[in-house]
K.L.:
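Can you keep this structure in mind? I'll have questions shortly.
Proteins come first, then strands; the chains are lettered A, B, ... in the order of their sequence lines, and each starts at number 1. What you are looking at is a predicted structure, and each value in this text was computed from that prediction instead of being measured.
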There are 2 protein chains.
Amino acid sequence: MKKNNSTGEILRKQREEKGLLLRQVAALLDVDTAILSKIERGERKAKKEQIVELAKILDLNQEDLIIQFLSERILYEIQDEELGEKALKVAEQKIKKNNTKQIKD
Amino acid sequence: MKKNNSTGEILRKQREEKGLLLRQVAALLDVDTAILSKIERGERKAKKEQIVELAKILDLNQEDLIIQFLSERILYEIQDEELGEKALKVAEQKIKKNNTKQIKD
DNA sequence: GTTATAATTGACAAATATTGTCAAGTTAAT
DNA sequence: ATTAACTTGACAATATTTGTCAATTATAAC
């Protein structure tokens, strides 16, 4: 029972399910095969536009893929940071505080 | 009842409380006054090393300041992203999952 | 084993973003 | 009006990210 944890795994699985080659998807994405290979294996980060494009090309739910992608960017930002988890919680609190403030507008 | 929301506000308040000039703190930090001014006003992001240094210079709790700083970096990462809050939650879940995994090691 | 196709890897280049310097401009107090 | 502290914006230096390319590895078919 294998889970798709990372954006890369999701992309690769779906590409293979559709029987597409790296070359083909890379062409549609307008990047070199090497880049897509690295993105799928998590060696490189994709750009947001590429994630959006890939969702279209591979018929993946765009929102889910973006959430996945953004969460990885967030985790990348706090990698090796001992206080990362606490910072995440503070960030959430700040967002919430801002949301409730918005009600006034 | 004014809260110190941002890193910059904390830094400025504490510097003023200590009666230090931008010039003086900037010198200790080894950057131009302009940079520190911008950091305090939230116009520029500080580097992590600078945050650590500033905590020392201004006698601020280092962990608290770092958490503050990291949370801002995280929020910066998802600014303007509609799905940012959801991504934050997913990021937290991933961290937790990883924590429990670690027990095995 | 050779050939052919797909994917991976690593060195390097191009593009973008971050951080810094400097000089000129405010602001506020005297 | 002078002075000191701070601010601002243009630009330079640096660092990071993203991309290209050529060489290599892996796999399958013969």
K.L.:
If you compare every side-chain N and O of Lys47(A) against the phosphate oxygens of dT16(C) (OP1, OP2), does one of them come in below 4.0 Å?
P.N.:
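No, no such contact exists.
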K.L.:
Side-chain contact test, heavy atoms from C-beta onward, threshold under 4.5 Å: evaluate it for Leu28(A) versus Glu53(A) and give yes or no.
P.N.:
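Leu28(A) vs Glu53(A): side chains apart.
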K.L.:
Need one value for Arg44(B): base, sugar-phosphate or nothing, where a base atom within 4.0 Å counts as base even if backbone is also close, heavy atoms only.
P.N.:
base
K.L.:
Measure CG/Leu22(A) against P/dT9(C) and give the value in whole Å, please.
P.N.:
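My rounded result for the distance is 12 Å.
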K.L.:
Can a cation-pi geometry be assigned to Lys48(A) and Phe69(A), taking NZ or CZ under 6.0 Å from the six-membered ring centre and within 45° of the ring axis?
P.N.:
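Output no; distance or angle outside limits.
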K.L.:
To the nearest Å, give me how far apart NZ (Lys38(A)) and C1' (dC21(D)) are.
P.N.:
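Computing the Lys38(A):NZ to dC21(D):C1' distance gives 10 Å.
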K.L.:
If you count heavy atoms of other groups shown closer than 6.0 angstrom to CD of Gln79(A), is the number above 12?
P.N.:
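Atom CD in Gln79(A) is packed in, count exceeds 12.
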K.L.:
Between dT7(D), dT8(C), dC21(D), which one does the side chain of Arg12(B) approach most closely?
P.N.:
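Comparing dT7(D), dT8(C), dC21(D) against the side chain of Arg12(B), the answer is dT7(D).
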K.L.:
Kindly state which residues belonging to residues 73-83 of chain A come within less than 4.0 angstrom of DNA chain D, counting heavy atoms of the residue only, listed by number.
P.N.:
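Of all residues in residues 73-83 of chain A, the ones placing a heavy atom under 4.0 Å from DNA chain D are Tyr76(A).
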K.L.:
Which of the following nucleotides, dG19(D), dT9(C), dA6(C), is nearest to the side chain of Leu21(A)?
P.N.:
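That would be dA6(C).
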K.L.:
Is it true that the side chains of Glu72(A) and Thr7(A) contain a donor and an acceptor less than 3.5 Å apart?
P.N.:
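There is such a pair (donor and acceptor under 3.5 Å, judged by atom type) between the side chains of Glu72(A) and Thr7(A).
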K.L.:
For Gln50(A) and for Glu43(B), find the nucleotide of DNA chain D with the closest heavy atom, then tell me which residue's nucleotide is more 5'.
P.N.:
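Comparing both residues, the 5'-ward one is Glu43(B).
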K.L.:
Would Val31(A) and Ile51(A) show up in the same hydrophobic cluster when neighbours are defined by side-chain heavy atoms closer than 4.5 Å?
P.N.:
yes
K.L.:
As a test of reading the structure: which of dA6(C), dA4(D), dT21(C) is closest to the side chain of Arg23(A), going by heavy atoms?
P.N.:
dA6(C)
K.L.:
Could you see if Ile67(A) belongs to whatever hydrophobic cluster contains Ile95(B)? Use Ile, Leu, Val, Met, Phe, Trp, Tyr and a side-chain cutoff under 4.5 Å.
P.N.:
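No, Ile67(A) does not connect to Ile95(B) through the hydrophobic network.
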K.L.:
Does the side chain of Arg15(B) get closer than 4.0 angstrom to OP1 or OP2 of dC6(D) through an N or O atom?
P.N.:
yes
K.L.:
So does Ser37(B) get a side-chain nitrogen or oxygen closer than 4.0 Å to the phosphate oxygens (OP1/OP2) of dT7(D)?
P.N.:
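Checking Ser37(B) against dT7(D): at least one side-chain N or O falls below 4.0 Å of OP1 or OP2.
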K.L.:
Whole angstrom is fine here: how far is it from NZ in Lys45(A) over to P in dT16(D)?
P.N.:
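Those two atoms, NZ and P, are 11 Å apart.
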K.L.:
Using whole Å, what does the distance between atom C1' of nucleotide dG10(C) and atom CZ of Arg41(A) come to?
P.N.:
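The distance from CZ of Arg41(A) to C1' of dG10(C) comes to 11 Å, rounded to the nearest Å.
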K.L.:
Distance check needed: dT8(C) P versus Ile35(A) CD1, whole Å only.
P.N.:
13 Å
K.L.:
Write down the distance between CG (Leu36(B)) and C1' (dT21(C)), rounded to a whole number of angstrom.
P.N.:
15 Å
K.L.:
Rounded to the nearest angstrom, tell me the gap between atom CG in Asp32(B) and atom P in dA24(C).
P.N.:
14 Å
K.L.:
Grab the CD-P distance between Glu49(B) and dG20(C) for me, whole Å please.
P.N.:
8 Å
K.L.:
Taking 4.0 angstrom as the limit, do Arg41(B) and Glu9(B) come out as a salt bridge?
P.N.:
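Between Glu9(B) and Arg41(B) there is no salt bridge, as every charged N stays at least 4.0 Å from the carboxylate O atoms.
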